[in-house]
Amino acid sequence: MFCKRKLNNGGSTLLWEDVWAGQTSLKTSFPSLSTISNQQGKFVKDMVIERERELNFRRNLDDRSRELVQRFIGMNRSLELNNHKDENS
């Protein structure tokens with residue numbers, strides 16, 4: 001059983017490790033991106049900069065990885081943070 005996070009300000013929900021978008025963690029949904037991400041241990045709020053999704057990787061992306069990034073961004077396009085603390089749901 002997993003504990004899903006209710007995302008509010010993104011300040012205590014880990015981007016890759018916590019379950020907050022869908023039924024599994026993004027690390028599970030996108031393992032190849034998670035492995036090369038420079039954002040291990042970072043919070044969701046660290047990804048969102050002025051309404052833009054900021055993803056950084058340790059190496060250049062191949063075509064397959066770029067497709068995965070586009071899928072990832074599409075999944076999180078409607079993400080809006082607020083001033084409330086994240087919660088377990």
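Note that this is a predicted model, so its numbers are computed, not measured.
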Mind checking the [atom1]-[atom2] spacing from [X] to [Y]? Nearest 0.5 Å is all I need.
{"X": "Lys45", "Y": "Leu15", "atom1": "NZ", "atom2": "CG", "answer": "13.0 Å"}
{"X": "Phe30", "Y": "Ser65", "atom1": "CZ", "atom2": "OG", "answer": "11.5 Å"}
{"X": "Asp86", "Y": "Leu81", "atom1": "CG", "atom2": "CG", "answer": "8.0 Å"}
{"X": "Leu33", "Y": "Arg71", "atom1": "CG", "atom2": "CZ", "answer": "9.0 Å"}

Less than 4.5 Å apart, side chain to side chain, heavy atoms only: is that true for [X] and [Y]?
{"X": "Val44", "Y": "Leu79", "value": "yes"}
{"X": "Ile36", "Y": "Leu61", "value": "yes"}
{"X": "Phe43", "Y": "Thr13", "value": "no"}
{"X": "Ser12", "Y": "Arg5", "value": "yes"}
{"X": "Trp20", "Y": "Leu14", "value": "no"}

Got a donor-acceptor contact below 3.5 angstrom from the [X] side chain to the [Y] backbone?
{"X": "Glu17", "Y": "Lys42", "answer": "no"}
{"X": "Asn9", "Y": "Gly11", "answer": "yes"}
{"X": "Asn8", "Y": "Asn82", "answer": "no"}
{"X": "Asn56", "Y": "Asn38", "answer": "no"}

In terms of heavy-atom contacts, does CG of Asn83 have more than 12 from other residues, nucleotides or ligands at under 6.0 Å?
->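 No, not enclosed.
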
Return the minimal non-hydrogen interatomic distance between Phe57 and Ser37, and the atom names on each side.
->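 Result for this residue pair: CD2-CA, 3.8 Å.
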
